[in-house]
Protein chains: 2
Amino acid sequence: MNLRDLRYILAIAEHRHFGRAAEASGISQPTLSVQLRKLEELLGVALFERSSKAVVPTAACERLIGHVRAAVAEADAILSVALTLRDPLAGRFRLGIIPTLAPYLLPLVFAPLREALPALEVEPWEDQTSAIVDRLRAHELDAALLATDLDGPDLASRPLFAEPFLAALPPEHPLAARAVVEEGELARDILVLAEGHCLRDQTLAACGQSGALGGTLRAASLSTLLNMVAAGYGTTLIPGLAAGAAQDAGIVLRPLAAQAGRTVRIVWRARFPRRGAVDAVGDVIAARLRGFATGGATGAV
Amino acid sequence: MNLRDLRYILAIAEHRHFGRAAEASGISQPTLSVQLRKLEELLGVALFERSSKAVVPTAACERLIGHVRAAVAEADAILSVALTLRDPLAGRFRLGIIPTLAPYLLPLVFAPLREALPALEVEPWEDQTSAIVDRLRAHELDAALLATDLDGPDLASRPLFAEPFLAALPPEHPLAARAVVEEGELARDILVLAEGHCLRDQTLAACGQSGALGGTLRAASLSTLLNMVAAGYGTTLIPGLAAGAAQDAGIVLRPLAAQAGRTVRIVWRARFPRRGAVDAVGDVIAARLRGFATGGATGAV
DNA sequence: GAATGTGATAGATGACATCTATCAAGCCTG
DNA sequence: CAGGCTTGATAGATGTCATCTATCACATTC
C-alpha cells in the first residue's frame, strides 16, 4: 500500500468522478482506475461502486476513509514539520562551556547570538571538559566551547579566539610593582583550581609545577580563587576574559612575559549533521571577540 | 514520500543499526542507506547521525517520529479493518421488502438467515415497490425483495420462489361452497389495497377491473383487508404466505382455477459489489421456501 | 440514431527500488 | 601495531510497476 494510493482514494471520494479525481491528482484517468482496482484487490474490499452515472463509496469505504484521511494527514504533517525543521539555524542548540569561560564569555555573546540567530535556542551547559566531551559523544550536547585541543577521529574543532593569561596578584605583592611578570616567578605561591579544570593544568604548565598551596586549597571556581588572591593568600593566572571580574575584586593584573594563554575552540562531533549551526555560532562568537587578544597568544595545552 | 520509507525510519530508529534494520525490513543494507538518504534529501532534514559506532536519531527525527508512527499505524489500521471487512457475508445488509410480503416472510426467514449468515446484519426496510427501487438506486438499500419484474439496465434480479394467490372469502359467501374459485368470479365484490401496492395491480389484473368497492376503500395494509373480508364486506386475493393470518381471521381460502400468483425476486444494483451477500441471502430464502408453492404458479406482472 | 460522457482495457515506456559486489573508515585483538 | 572484523556508503545492473496514449464498451441524451 502506498500513500499515493490513499490520496487517490480521497480524491475519488471527494470528486465521485474518476476523470476529475485523476485530473486533481495530476494523473490520467486510466492510471487512476488501474491503481484503485489494484488497491481494492490488495485490501480485498470494493471501495467504490462505479457506473457511468455515478461513483459511490461502499460501506467498506465509509468505514476505512477515516483512517485514510488520518494517514494522509500525518504524512502531510511530516512534510510540514520537516519544512520548519529544515533550517539548521533553528531549534535547540545545546552548547557545553567550561566553567572558567562560561561566566565571562556568556554575557558577552548572548545578545549577539540572539540577534544573529534568532531561531536558534542556544542552551548553555556548564561543566568541566571531560564531562562535556562525554556528553558531546553521547549526543547530549551539540557542540562545546573548550580551551583544549582534543580532535579525536570522531570530534572536530575550530579555534574561535586566543585568550591570553594574566598574572593575578594581591596589591601588596612584590611582583605587583613590575609592569610585566615572568611566568616562572609565580610558581612559588601560585594557587590553582581543583582537579578537572583545564585551567589548572594550563596554569601549572605555564608556571612550572609547585602546588604547595594548590594542594591544600580546593577551589571549585575561578571566583573563589580570585577572592583568595585578593585576600593576599597567593597568586594565580587568570584568563583574559576574567580580567574585569578580577579588577572588581581588587586584584592587580599584569601581562606575562612569555604571553602564555589558551585558545578557545568550538568542538563538535565530526558526523554532527547541523554543521551550519556550529559554524554560525562560532562565527558570532569569533566576531564578538575579534581584537580581544591583541597579544595573540596561541595554543597552550 | 512513501509509507515504505516511513517504515524504514521506524526500523532504523528501533534497531539503531542499518544492517539489522534492513534485515528486519526484508531489504539489503545498501537499499536502506540509499532510501534513507533520499528521504532525508526530500525532507531537507538529517534524520540520523551515522558512524560505524552508532546510529543516533537527530533532534529533527525526534520531532518527526511521532507523526511517522501515527501515519504507519493508520496505514496498518486500514489493512486490518479491511481484513475484517473482506468477508462480503459480513456487515450491514439493508434489505427492502414490500408490505404484502414482509409480515409473513420475515418471521419465516429471520432465524435461518441468522444461522446461515451470522456475520450479516440484515436490516429489513418495509416500503412500497417504487420507494424501495428509488432507495436501491440511491444506494440506500443493498437489495430488495419484490414481486414485480423490473430489470432495468442498472438493476438485476433473481427469482426466489413462486407464491400462488388464494381467494379470500367470508365464510357465508356463496363461493365459499366451491372447492376451486375462478379468478373472474371474484371481480364483482373484490377489495383491493390502496394505490402503490403491487398486489393491488396484480389482483386487478388477475380478476379483471372492477374497483367498485376498491375505489371507496383505502386499505393501507393486507391485515386491514383481511379484517374487511372476514367482516363480510367483500372478497379479495391474498398471497399464499398470508394464508395462516387469513385463516386466523376467520376467512375461507380457496385455490384459484387459473393458479394466479406472483414470483418473489431478490433485486440488486447490477454494479453492487457485494454480490456474494445477495446470493447468500437469496439462497437462504429460497431454501426456506422450497416446496412452498406446490402449484408452481409463476410470473404474474 | 448520432453525439456525448463515463469507466475499463491494452500495450509501450520510463522511473526507481532493489540487488550484488565493493569500498572506506573505525574498532578490537593478539 | 598490523590485520581482521564491523559498519555504513557507493556503483552498476536489473526487474517491477506506475504511468502514458489509444481505444473500447456501455449508457444517456437530444
Side-chain angles (χ1 to χ4, degrees), chain A residues 1-9 11-42 46-58 61 137-139 150-156 269-273, chain B residues 1-9 11-42 46-58 61 137-139 150-156 269-273:
Chain A
M1 193 171 49
N2 199 315
L3 275 169
R4 181 184 359 99
D5 298 333
L6 300 187
R7 292 183 200 277
Y8 293 165
I9 293 183
I12 298 173
E14 184 189 350
H15 292 92
R16 303 205 165 195
H17 187 288
F18 275 68
R20 285 191 280 279
E23 191 183 8
S25 305
I27 58 172
S28 69
Q29 170 265 315
T31 300
L32 187 61
S33 291
V34 169
Q35 290 309 111
L36 179 69
R37 190 158 45 79
K38 283 188 185 177
L39 186 59
E40 286 179 329
E41 279 166 20
L42 172 74
L47 295 173
F48 295 95
E49 192 176 323
R50 305 112 154 119
S51 72
S52 53
K53 212 188 300 182
V55 174
V56 183
T58 63
C61 184
R137 287 208 162 97
H139 294 75
L150 47 71
D151 293 21
D154 59 334
L155 295 181
R269 291 186 301 281
R271 309 267 186 174
F272 182 58
Chain B
M1 194 172 48
N2 198 316
L3 275 170
R4 180 181 1 96
D5 298 333
L6 300 187
R7 292 183 200 276
Y8 293 164
I9 293 182
I12 298 173
E14 184 189 349
H15 292 93
R16 304 207 165 192
H17 186 288
F18 275 68
R20 285 192 281 278
E23 190 183 9
S25 306
I27 59 173
S28 69
Q29 169 266 315
T31 300
L32 187 61
S33 290
V34 169
Q35 289 310 111
L36 180 67
R37 190 158 45 81
K38 283 189 184 175
L39 186 59
E40 286 179 330
E41 278 166 19
L42 172 74
L47 295 173
F48 295 94
E49 192 177 323
R50 304 107 152 127
S51 72
S52 53
K53 210 189 303 182
V55 174
V56 184
T58 63
C61 184
R137 286 207 163 96
H139 295 74
L150 48 69
D151 293 19
D154 59 335
L155 296 181
R269 292 186 303 281
R271 308 269 186 171
F272 182 58

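Below, each value reflects all heavy atoms present in this structure, side chains not excepted, and no hydrogens, waters or symmetry copies. Reminder, nothing fancy here: chain letters follow the sequence lines and each chain counts from 1.
- More than 12 non-hydrogen atoms from other residues, nucleotides or ligands lie less than 6.0 angstrom from CD of B/Gln29.
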Contacts under 3.5 angstrom, residues 12-22 of chain B side chains, donor-acceptor by atom type, not counting sequence neighbours:
from: B/His15; atom 1: ND1; to: B/Ala11; atom 2: O; distance (Å): 3.0
from: B/His17; atom 1: ND1; to: B/Gly19; atom 2: N; distance (Å): 3.1
from: B/His17; atom 1: ND1; to: B/Arg20; atom 2: N; distance (Å): 3.0

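- In this entry the distance linking CZ of B/Arg4 with P of D/dA18 reads 10 Å, nearest Å.
- Side-chain proximity of A/Arg50 to the nucleotides C/dA25, C/dA8, C/dT18 is greatest for C/dA8.
- Of all nucleotides listed (C/dT6, D/dG8, C/dG7), C/dG7 comes nearest to the side chain of A/Ser33.
- What separates CG of A/Asn2 from P of C/dC16 is a distance of 13 Å, to the nearest Å.
- By the side-chain contact (heavy atoms from CB on, under 4.5 Å) test, A/Asp5 is found to be paired with A/Asn2, A/Tyr8, A/Gln35, A/Leu39, residues two or more places apart in sequence or in another chain being considered.
- Where B/Arg37 and A/Lys53 each meet DNA chain D at their nearest nucleotide, the meeting point lying more 5' is that of B/Arg37.
- Per the geometry, OH belonging to A/Tyr8 stands 16 Å off P belonging to C/dG7, to the nearest Å.
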**OP:** Please report the C-alpha distance between A/Arg4 and A/Ile27 in whole Å, then the side-chain angles of each, then the deciding distance to 0.1 Å, and finally whether the side-chain contact (heavy atoms from CB on, under 4.5 Å) criterion is met.
**Re:** CA-CA 11 Å; A/Arg4 181 184 359 99; A/Ile27 58 172; over 6 Å; no
When you compare the protein's N or O atoms with those of nucleotides 1-5 of chain C, which come within less than 3.5 Å of each other, and at what distance?
none

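- Distance B/Arg271 CZ to C/dT6 P: 14 Å, rounded to the nearest Å.
- Residues of residues 21-30 of chain B that place a heavy atom closer than 4.0 Å to DNA chain D, in numerical order, are B/Gln29, B/Pro30.
- Rounded to a whole Å, the CG atom of A/Leu36 is 11 Å from the P atom of C/dG7.
- Nearest to the side chain of A/Val34, among C/dA17, D/dG8, D/dT19, sits D/dT19.
- Within 4.0 Å of B/Phe48, counting heavy atoms only, lies no atom of the nucleic acid at all.
- B/Ser25 meets the side chain to side chain donor-acceptor pair (under 3.5 Å) test with no other residue; sequence neighbours excluded.
- Atom CG in B/Leu32 sits about 19 Å away from atom P in C/dC16, given to the nearest Å.
- With rounding to the nearest 0.5 angstrom, the SG atom of A/Cys61 is 12.0 Å from the CD atom of A/Glu49.
- Summarising the geometry, the separation between CD on B/Gln35 and P on D/dG8 is reported as 16 Å, rounded to the nearest angstrom.
- For A/Arg271, the salt bridge (Lys or Arg N to Asp or Glu O under 4.0 Å) test picks out no residue, with sequence neighbours left out.
- Considering every non-hydrogen atom in both B/Arg137 and B/Leu155, the closest pair reads NH2-CD1, 3.8 Å.
- One can place CE of A/Met1 at 17 Å from C1' of D/dA18, the figure rounded to the nearest angstrom.
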